[in-house]
Amino acid sequence: MQPTYLPWAGYFNLMTQADIFIILDDVQFERRSWQSRNRILLNGQECWLTVPVHSQYGVESISTIQLDNGQKWRKKHIQTISQAYSKAPYADCLIGLTEILLNESFKLLVDLNVQIITWIANQLNLNPKIIRASEVGVSGKRSQHLYNLCEACQCDEYLSPIGSQEYLIADRVFEASSTRLIFQDYNPQPYPQLKTAHFISHLSIVDVIANLGWERASEYVLTGKTMNP
């Protein structure tokens, strides 16, 4: 999976089923994508949090993208998250995230995202081996690149998000291989959210954590629902 900023619950659902989780940081960076932004819920409305970066459109891999720390985005994100969730029942669960955002030692977007992803995964008791694709060092495009990563890591199954199904099947790379291609089946259900009568799905997992706490967030990531509202 590409290293996205403050990923949604489905991102971590993939981790619940994986022994090895490959951070796909050796593909092209895309502006205005999940790689550098995500949504939370502020006063009942979707609110985008975007990390400013230095990049030349269409020519750089994710692993090389530098944060634009000349902008005061860290303080802005922390203030917006605090404004959105200070009244949430589990707002305290986000203190660790604030500490990561305050850490100005991160120069690369991928390092920031991986730190956040790893921290959340640990809090959810998810422990797959996390590997960066840039450190594996395989070639290939699209499905072939994914297959080469699986082969290099000696994987016998590749679990893909459903959004990649069309091109993975069309490319037919996995068809004749010994690596079984399977797709994620995750259907998140509504949970109580602040200041809205209508559930807004697929927000950053920050929304899940603040409203449900770590224990029920773990349940939600695993099953897409919470049994104890």
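As the structure is a computational prediction, the values presented were derived from the model and not from experiment.
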Notebook entry, point to check: Going by distance alone, is a donor N or O of one side chain under 3.5 Å from an acceptor N or O of the other, for Gln71 and Asp68?
Noted result: yes
Check: Listed by chain and number, what are the side-chain contact (heavy atoms from CB on, under 4.5 Å) partners of Ser164, not counting sequence neighbours?
Finding: Ser160, Pro161, Tyr167, Leu168
Notebook entry, point to check: Side-chain heavy atoms under 4.5 angstrom apart, residues restricted to Ile, Leu, Val, Met, Phe, Trp, Tyr: same cluster for Ile100 and Tyr90?
Noted result: no
Next item on the list: Could you check Gln66 against Lys107 for side-chain contact (heavy atoms from CB on, under 4.5 Å), going step by step and ending with a plain yes or no?
Entry: CA-CA 6 Å; Gln66 294 191 354; Lys107 306 302 182 187; 5.7 Å; no
Next item on the list: Can you see which heavy atom on Cys153 is nearest to which on Ile22, and at what distance?
Entry: SG-CD1, 3.9 Å
Notebook entry, point to check: Taking atom CD of Gln2 and atom OG of Ser33, what is their separation to the nearest 0.5 Å?
Noted result: 6.5 Å
Checklist line | Minimum heavy-atom distance Leu94-Ala210, with the two atoms named | finding: CD1-CB, 4.0 Å
Margin query: Using a 3.5 Å distance criterion without hydrogens, assess whether the side chain of Asp207 forms a donor-acceptor pair with backbone atoms of Ile40.
Written below: no
Checklist line | Student check: side-chain heavy atoms of Phe183 and Leu159 closer than 4.5 Å | finding: no
Checklist line | Minimum heavy-atom distance Leu194-Ala84, with the two atoms named | finding: CD1-O, 3.7 Å
Check: Looking only at side chains, do Asn148 and Gln144 share a donor and an acceptor under 3.5 Å apart?
Finding: yes
Check: Looking at side-chain heavy atoms only, is the closest gap between Ile23 and Ile131 below 4.5 Å?
Finding: no
Next item on the list: Report the distance from atom CZ of Arg37 to atom OG of Ser204, rounding to the nearest 0.5 Å.
Entry: 13.5 Å
Next item on the list: Mind checking ring-ring contact (aromatic ring centres under 6.0 Å, His included) for Tyr5 and listing every partner two or more places apart, or none if nothing turns up?
Entry: His77
Next item on the list: Kindly write out the residues that satisfy ring-ring contact (aromatic ring centres under 6.0 Å, His included) with Trp8, not counting sequence neighbours, or none if the list is empty.
Entry: Tyr186, His202
Check: So does Asp19 pair up with Lys129, basic N to acidic O under 4.0 Å?
Finding: no
Next item on the list: Side-chain contact test, heavy atoms from C-beta onward, threshold under 4.5 Å: evaluate it for Ile117 versus Pro7 and give yes or no.
Entry: yes
Note to self: Checking Asn43 now: which residues fulfil side-chain contact (heavy atoms from CB on, under 4.5 Å) with it, not counting sequence neighbours?
What the structure shows: Gln83, Lys195
Check: With a 4.5 Å heavy-atom cut-off, do Tyr220 and Ile209 have their side chains touching?
Finding: no
Next item on the list: Specify the closest pair of heavy atoms between Leu97 and Leu6, including all atoms of both residues, with the distance to one decimal.
Entry: CD1-CD2, 3.8 Å
Notebook entry, point to check: Any donor and acceptor pair, going by atom type alone, linking the side chain of Gln189 with main-chain N or O of Asn187 inside 3.5 Å?
Noted result: yes
Notebook entry, point to check: Mind checking whether Leu222 and Leu14 sit in one hydrophobic cluster, side chains of I, L, V, M, F, W, Y counted as touching below 4.5 Å?
Noted result: no
Next item on the list: Is it possible for you to say whether Val53 and Val114 belong to one hydrophobic cluster, with membership spreading through side-chain heavy-atom contacts below 4.5 Å?
Entry: yes
Under 3.5 Å, which donor-acceptor pairs link side chains of residues 173-182 to any protein atom two or more places apart or in another chain?
| residue | atom | partner | partner atom | Å |
| --- | --- | --- | --- | --- |
| Glu175 | OE1 | Arg172 | NE | 3.0 |
| Glu175 | OE1 | Arg172 | NH2 | 2.8 |
| Glu175 | OE2 | Arg172 | NE | 3.3 |
| Ser177 | OG | Phe174 | O | 3.0 |
| Ser177 | OG | Thr179 | N | 3.2 |
| Ser177 | OG | Thr179 | O | 3.2 |
| Thr179 | OG1 | Cys155 | O | 3.3 |
| Arg180 | NE | Glu157 | OE2 | 3.1 |
| Arg180 | NH2 | Glu157 | OE2 | 2.5 |

Margin query: Given 3.5 Å as the limit, does a donor-acceptor pair link the side chain of Gln35 with the main chain of Phe29, or not?
Written below: no
Checklist line | Any donor-acceptor N/O pair, His145 side chain to Ser139 backbone, under 3.5 Å | finding: yes
Item checked: NZ/NE/NH1/NH2 to OD/OE distance under 4.0 Å, Lys141 and Asp171 -> no
Margin query: Working to the nearest 0.5 angstrom, can you tell me the gap between Thr50 OG1 and Asn38 CG?
Written below: 9.0 Å
Checklist line | Atom pair CD (Glu30) and CD1 (Ile62), whose distance is rounded to the nearest 0.5 Å | finding: 7.5 Å
Next item on the list: Verify the cluster assignment for Ile120 and Leu102: are they in a single hydrophobic cluster under the rule of side-chain heavy atoms below 4.5 Å apart?
Entry: yes
Checklist line | Centroid-centroid under 6.0 Å between Trp48 and Trp34 rings | finding: yes
Margin query: For a 4.5 angstrom cut-off between non-hydrogen side-chain atoms, does Ser134 reach Asp25?
Written below: yes
Next item on the list: Could you check if a side-chain atom of Ser218 sits within less than 4.5 angstrom of a side-chain atom of Val221, using non-hydrogen atoms only?
Entry: no
Notebook entry, point to check: Hey, are the side chains of Leu108 and Leu112 touching, using non-hydrogen atoms and a 4.5 Å cut-off?
Noted result: no
Margin query: Please check: side-chain N/O of Thr226 versus main-chain N/O of Arg216, any donor-acceptor pairing under 3.5 Å?
Written below: no
Item checked: Contacts of Asn122 that satisfy side-chain contact (heavy atoms from CB on, under 4.5 Å) - sequence neighbours left out -> Thr118, Asn127
Margin query: Could you tell me if the side chain of Leu101 sits less than 4.5 Å from the side chain of Ile78, heavy atoms only?
Written below: yes
Checklist line | Side-chain donor/acceptor of Asn69 to backbone N/O of Phe106, under 3.5 Å | finding: yes
Checklist line | Worked check of side-chain contact (heavy atoms from CB on, under 4.5 Å) between Ser36 and Arg31 | finding: CA-CA 7 Å; Ser36 61; Arg31 283 191 173 276; over 6 Å; no
Note to self: Quick check on Gln165: does its CD atom have over 12 non-hydrogen neighbours (other residues, nucleotides or ligands) under 6.0 Å away?
What the structure shows: yes
Notebook entry, point to check: What distance do Lys76 atom NZ and Thr80 atom OG1 have between them, rounded to the nearest 0.5 Å?
Noted result: 6.5 Å
Notebook entry, point to check: Can you name the closest pair of heavy atoms from Ala91 and Tyr85 and give their distance?
Noted result: CB-O, 3.0 Å
Checklist line | From Leu42 atom CG to Leu203 atom CG, the distance as rounded to the nearest 0.5 Å | finding: 11.5 Å
Notebook entry, point to check: Counting distance only, does the side-chain N/O of Thr64 pair as donor-acceptor with the main-chain N or O of Glu60 below 3.5 Å?
Noted result: no
Notebook entry, point to check: Between Gln17 and Asn13, does a side-chain hydrogen bond (donor to acceptor under 3.5 Å, both in side chains) hold up when you go through it step by step?
Noted result: CA-CA 7 Å; Gln17 304 170 68; Asn13 173 265; 3.0 Å; yes
Margin query: Applying the ring-ring contact (aromatic ring centres under 6.0 Å, His included) criterion to Phe21, which one of Tyr11, Tyr158, Phe12 satisfies it?
Written below: Tyr11
Notebook entry, point to check: Where do Ala217 and Leu212 come nearest, in terms of heavy atoms and distance?
Noted result: N-CB, 4.1 Å
Notebook entry, point to check: Please walk me through it: do Ile81 and Leu49 pass side-chain contact (heavy atoms from CB on, under 4.5 Å)?
Noted result: CA-CA 9 Å; Ile81 291 171; Leu49 295 175; 3.8 Å; yes
Next item on the list: Give a yes or no on whether the backbone of Asn103 and the side-chain of Arg74 come within a donor-acceptor separation of less than 3.5 Å.
Entry: yes
